[in-house]
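Here the structure comes first, spelled out in structure tokens, and everything after it is commentary.
When a ligand or atom number is given, it counts from 1 through the structure's own listing order. Please read these numbers as outputs of a predicted model, since none were measured by experiment. Both backbone and side-chain heavy atoms feed into the values below; hydrogens, waters and symmetry mates do not.
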Amino acid sequence: MTRRTGTVGVGVIGTGMISDAYLRNLVRFPDLDVLALGDLDESRAAAQGDAYGVRSAGSPKLVLDHPDIEIVVNLTVPAAHADVSAAALAAGKNVWVEKPISVDRVSARALLEQAAAAGLRIGVAPDTVLGAGVQTARKAILRGDIGVPVAAQTTMQYAGPELFHPNPSFLYARGAGPLFDMGPYYLSALVGLLGPVDSVSAVGARARESRSVIVGDAAGSSFPVEVPTHVAAIAKFERGPLGQSFFSFDSPISRVGVVEITGTEGTLVVSDPNKFTGDVRIGRIAPGADDETEPVWERVPLVGVDTGRGLGVLDLARAIRNDRPHIASGELGYHVLDALSAIDEAVLSGSWTPVESTVAEVPLMPDDFDPFAPTL
Ligand SMILES: NC(=O)c1ccc[n+]([C@@H]2O[C@H](COP(=O)([O-])OP(=O)(O)OC[C@H]3O[C@@H](n4cnc5c(N)ncnc54)[C@H](O)[C@@H]3O)[C@@H](O)[C@H]2O)c1
């Protein structure tokens with residue numbers, strides 16, 4: 001095959017709620033050309049085509065058959081991630097897929113193998129961890145700003161995505177729930193900050209058997225809850241640190257984006273891993289402190305990008321052209337799914353559960369990465 005040069009053609013399959021956040025950026029990045037949009041609901045694809053100036057919009061096949069599309073951005077619901085990604089790979093396209101990579105390890109592993117056999121790549125959301133917040137925190141740890149990391153804690157609790165999503169039932173189905181819907185942000189950040197997960201245990205519960213749609217045309221209708229909506233997990237990381245994480249869609253009290261890494265010399269407060277940027281701070285013990293003394297806080301200057309979703313697609317495109325690894329890799333997405341699945345299994349078994357996969361050190365974003373510079 002002749003090596004392509006120049007800007008990278010992109011097509012999107014799945015033009016629902018999150019497609020706005022992606023398309024807003026994908027059409028502005030000079031290194032990308034958004035060439036076609038597809039959805040099972042073709043009218044939805046057509047509406048997004050009109051909104052973002054993408055002339056070719058309709059069926060998923062339109063995207064798969066387009067000869068100049070090199071990356072298919074899969075923004076379908078989790079239960080469709082594997083099938084749509086497999087079809088894109090079969091059509092000779094690289095894939096960027098929303099999180100989680102799939103709803104089970106077998107289909108996720110099959111995707112990695114299909115991509116490797118075809119010489120194609122898979123990139124997996126979230127790309128928020130490529131943003132300034134988490135990248136700044138990673139660099140602080142690498143510099144030794146908190147000494148040796150020993151423990152992590154994360155919290156994500158609120159009353160659930162039906163507060164804002166007009167079609168929330170998939171978020172309470174297999175492959176979602178607070179663990180699989182929000183867990184990828186926290187686990188991807190922790191694996192970048194601390195390395196791979198070795199083993200986990202967890203407890204979980206379901207507050208209600210059914211929930212109701214609150215916003216949009218279907219408001220008032222109810223749907224079943226298939227997954228735990230409240231999960232408390234503990235983890236051991238391969239390099240030694242321990243972690244405790246809480247994921248809940250049952251709490252009226254919203255406390256999200258809490259990620260703290262405690263090291264031998266201080267505690268690093270990381271910005272929300274579901275956002276591209278935010279405060280990154282280090283608390284250290286104050287001289288003469290007692291148990292009521294506030295730590296001494298140091299704000300870590302932010303380095304990196306705050307563009308919003310689509311950054312991972314752009315990194316994937318540039319990595320393809322420059323023949324370098326992309327950052328949010330399929331292997332990282334698989335390891336995160338493996339760790340989340342092990343947590344899910346531990347909820348059922350009550351046992352300490354190994355995480356079989358591992359992943360190489362996640363590459364850092366280059367300090368000079370400018371999404372709006374034409375580089376290809
Ligand atoms: N909504 C958010 O705030 C948000 C944020 C971050 C990530 N995500 C992730 O983005 C993905 C999509 O979420 P959403 O909120 O946009 O969902 P959505 O239900 O609003 O949209 C999904 C779209 O995919 C289409 N679709 C489903 N199966 C398909 C198939 N087999 N082929 C083609 N099209 C298909 C649907 O018709 C729909 O238009 C999920 O993986 C979700 O976890 C969502």
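Side-chain atoms of L142 and L364, non-hydrogen and from C-beta on, do get closer than 4.5 Å to each other. V296 places a side-chain heavy atom less than 4.5 Å from the side chain of P287. Taking the side chain as every heavy atom from C-beta outward, V134 and F276 never approach each other to under 4.5 Å.
Nearest to atom 7 (C) of ligand 1 among the protein's heavy atoms is E98 OE1, 3.3 Å. In terms of protein heavy-atom proximity, atom 12 (C) of ligand 1 is nearest to L75 O, 3.3 Å. From the protein, the heavy atom lying nearest to atom 18 (P) of ligand 1 is M17 N, 3.9 Å. For atom 16 (O) of ligand 1, the nearest non-hydrogen atom of the protein is I18 N, 2.8 Å. Protein heavy atom nearest atom 13 (O) of ligand 1, with residue, atom name and distance: F170 CZ, 3.7 Å. Protein heavy atom in closest approach to atom 37 (O) of ligand 1: D39 OD1, 2.6 Å. Nearest protein heavy-atom contact of atom 21 (O) of ligand 1 is G16 CA, 3.2 Å.
There is a side-chain donor-acceptor pair under 3.5 Å between D31 and T375. One side chain, N74 or S85, offers a donor N or O that lies under 3.5 Å from an acceptor on the other. Residues Y52 and D20 bring a donor and an acceptor atom of their side chains to less than 3.5 Å of each other.
Between atom 24 (O) of ligand 1 and the options T76, N274, N167, T128, the minimum heavy-atom separation is to T76. Here atom 1 (N) of ligand 1 lies nearest to H165 when heavy atoms of E42, H165, K61 are compared. Taking only non-hydrogen atoms, the option from V12, V63, D83, L40 nearest to atom 30 (C) of ligand 1 is L40.
Near A80, meaning under 4.0 Å from any of its heavy atoms, are these atoms of ligand 1: 28 (N), 31 (N). Short contacts between ligand 1 and D181, defined as distances under 4.0 Å to a heavy atom of the residue, involve ligand atoms 43 (O). Short contacts between ligand 1 and I13, defined as distances under 4.0 Å to a heavy atom of the residue, involve ligand atoms 33 (C). The distance from ligand 1 to the heavy atoms of H81 drops below 4.0 Å at these ligand atoms: 41 (O). Taking a cut-off of under 4.0 Å to the non-hydrogen atoms of V84, the atoms of ligand 1 that pass are 30 (C), 31 (N), 32 (N). Of all atoms in ligand 1, listed by their number and element, those nearer than 4.0 Å to a heavy atom of G14 are 24 (O). Using a 4.0 Å cut-off to heavy atoms of P60, the atoms of ligand 1 that qualify are 33 (C).
Residues satisfying the side chain to side chain contact (heavy atoms under 4.5 Å, CB included) test with V355, not counting sequence neighbours, are V197, V200, H335, D338, A339, A342, S357.
The pair K99-D181 meets the salt-bridge criterion, with a side-chain N (NZ, NE, NH1 or NH2) lying under 4.0 Å from an Asp/Glu carboxylate O. In this structure, E42 does not pair ionically with K61, as no charged nitrogen and carboxylate oxygen lie closer than 4.0 Å.
Residue Y185 places no N or O, backbone or side chain, under 3.5 Å from any N or O of ligand 1. In terms of N/O distances under 3.5 Å, ligand 1 is approached by K99. Distances between N or O atoms of R309 and those of ligand 1 include no value under 3.5 Å. At a 3.5 angstrom cut-off on N or O pairs, R44 counts as close to ligand 1.
Figure legend: cation-pi geometry between R255 and Y158 absent, as NZ or CZ is not positioned both under 6.0 Å from the six-membered ring centre and within 45° of its axis.
Side-chain atoms of S329 do not come within 3.5 Å of backbone N or O of H326 as any donor-acceptor pair. Without hydrogens or angle criteria, N322 side chain to R318 main chain gives a donor-acceptor distance under 3.5 Å. Side-chain N or O atoms of R284 include none that pairs as donor or acceptor with a backbone N or O of P295 at under 3.5 Å.
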